[in-house]
Amino acid sequence: MRLDVSLLLASVSLALAGCGGASAPEGAFNEAQAQAAGVAPDPEKAMSDRWTGMFTDPAAIVAAANEFGYKIDGYKPTGNAAFRAAGVEQTLPDATAPVVIKTGFTASGGAAERVDTIVFTFDIDVKREPRSKTEAEIGRTPDRIVRGFLSRFGVGPGDEIRAALNNRQSASATLHRVATLSVEAQPLPGAGPKSRRVTVRIVRQALATPQQNPTARK
């Protein structure tokens, strides 16, 4: 069981212990229904609803991304029956650091009220080995940004995706039958051997194909 579900179960158990509530039959209630009935929600349905809620709230996606400095000016029509939000590329922490990360953000979908694909890009240029814990932490910036963004919707990327981000490796997983998350890591052109171009895709599962999602788990 993934961390986000475990946290949800723990919080529900504590709440029920305090009020004497009973657990609902598995799969019976989402979070809103469970709160109204005074019982525990089914954790899988609750997390599925949270992921679904993220994809159906483009304004919240733009706002969450802007908290991390992407300076998006809205989710706008592209002229071909699609919608897109694009962030401004930023350099973190700065061009003089031992590890320099250039990052971008896009969100796109086929309707004004729905996002189908969210993409983070990270060009991680390792200029020299870190000499302190603070310098080493720069390399974990992609994980912090992706986790921080998803936390605004009460969800998380899962351990497999986190490990891929921090190790700059490729991986893919399906979470709660709603979202396919993938990390693609490739050598960064013109940079050192430890440098990587990392692309993180968060795709609404209805759009995912076996080719996009070769190692997905449900």
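Note on I145 and F153: same hydrophobic cluster, where clusters join Ile, Leu, Val, Met, Phe, Trp and Tyr whose side-chain heavy atoms are under 4.5 Å apart, directly or indirectly. No chain of hydrophobic side-chain contacts below 4.5 Å, direct or via other Ile, Leu, Val, Met, Phe, Trp or Tyr residues, connects V100 to I138.
Looking only at side-chain heavy atoms (C-beta outward), V88 and F105 stay at 4.5 Å or farther from each other. Inter-residue side-chain proximity for L150 and P157 is flagged as met; some heavy-atom pair is nearer than 4.5 Å. By the 4.5 Å heavy-atom criterion applied to side chains, L175 and V155 are not counted as neighbours. A 4.5 Å side-chain heavy-atom check between V146 and F122 finds at least one atom pair inside the cut-off. Side chains of T117 and S108 form a contact here, defined as non-hydrogen atoms less than 4.5 Å apart. A 4.5 Å side-chain heavy-atom check between H176 and R50 finds every atom pair outside the cut-off. Taking 4.5 Å as the limit, every side-chain heavy atom of V198 sits out of range of all side-chain heavy atoms of D123. Taking 4.5 Å as the limit, some side-chain heavy atom of I118 sits within range of a side-chain heavy atom of I61.
Across G87 and I72, no two heavy atoms sit closer than the pair CA-CG1, 3.6 Å. Summarising the geometry of D116 relative to G109, their closest heavy-atom pair is OD2-CA, 3.3 Å, with the distance given to 0.1 Å. Scanning both residues, K45 and D42, for their nearest heavy atoms gives N-OD2, 3.0 Å. Across all non-hydrogen atoms, the minimal contact from A164 to S170 is CB-C, 4.5 Å. In this structure, V126 and S195 approach most closely via the heavy-atom pair N-OG, 2.8 Å. Annotation for A85 and V62: closest pair CB-CG2, 4.0 Å, computed over non-hydrogen atoms.
The distance from atom OG1 of T199 to atom CZ of R201, rounded to the nearest 0.5 Å, is 5.5 Å. From E160, atom CD reaches atom CG of L165 across 11.0 Å, with rounding to the nearest 0.5 Å. Taken from CZ in R197 to CG in L188, the straight-line distance is 5.5 Å, to the nearest 0.5 Å. The CZ atom of R177 sits 15.5 Å away from the CH2 atom of W51 when rounded to the nearest 0.5 Å. Taking OG1 from T52 and CD from Q205, the interatomic distance works out to 11.0 Å, rounded to the nearest 0.5 Å. Here the straight-line distance linking atom CZ of R204 with atom OG1 of T56 works out to 9.5 Å at 0.5 Å rounding.
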Subject >> Check against side chain to side chain contact (heavy atoms under 4.5 Å, CB included), Q169 and V183 >> reply: CA-CA 7 Å; Q169 298 174 343; V183 178; over 6 Å; no
Subject >> Residues V99, I124; criterion side chain to side chain contact (heavy atoms under 4.5 Å, CB included); working and verdict >> reply: CA-CA 7 Å; V99 179; I124 306 169; 3.8 Å; yes
Subject >> Verdict with supporting geometry, S48 and V178, side chain to side chain contact (heavy atoms under 4.5 Å, CB included) >> reply: CA-CA 6 Å; S48 175; V178 176; 3.1 Å; yes
Subject >> Check against side chain to side chain contact (heavy atoms under 4.5 Å, CB included), E67 and R152 >> reply: CA-CA 10 Å; E67 289 187 46; R152 275 46 178 182; 2.8 Å; yes
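Side chain of E135 to backbone of R131: a donor-acceptor contact under 3.5 angstrom is found. Formation of a donor-acceptor pair under 3.5 Å by the Y75 side chain with backbone atoms of A107 is not found in this model. Formation of a donor-acceptor pair under 3.5 Å by the T91 side chain with backbone atoms of D94 is not found in this model. Listed for the N167 side chain is a donor-acceptor partner under 3.5 Å among the backbone atoms of A163. In this structure a side-chain-to-backbone donor-acceptor pair under 3.5 Å is missing from R140 to A136.
Of the charged side-chain nitrogens involved, none lies within less than 4.0 Å of a carboxylate oxygen, so that R196 and E184 do not count as a salt-bridged pair. With respect to the salt-bridge test (charged N to carboxylate O, under 4.0 angstrom), the residues K71 and D73 do not qualify. Between K194 and E129 there is a salt bridge, since at least one side-chain N of the basic residue sits less than 4.0 Å from a carboxylate O of the acidic one.
Remark: the Y70 side chain and the T103 side chain contain an N/O donor-acceptor pair separated by less than 3.5 Å.
Between F149 and F120, the ring planes are perpendicular. Angles over 60° get that label, and only those under 30° would be called parallel.
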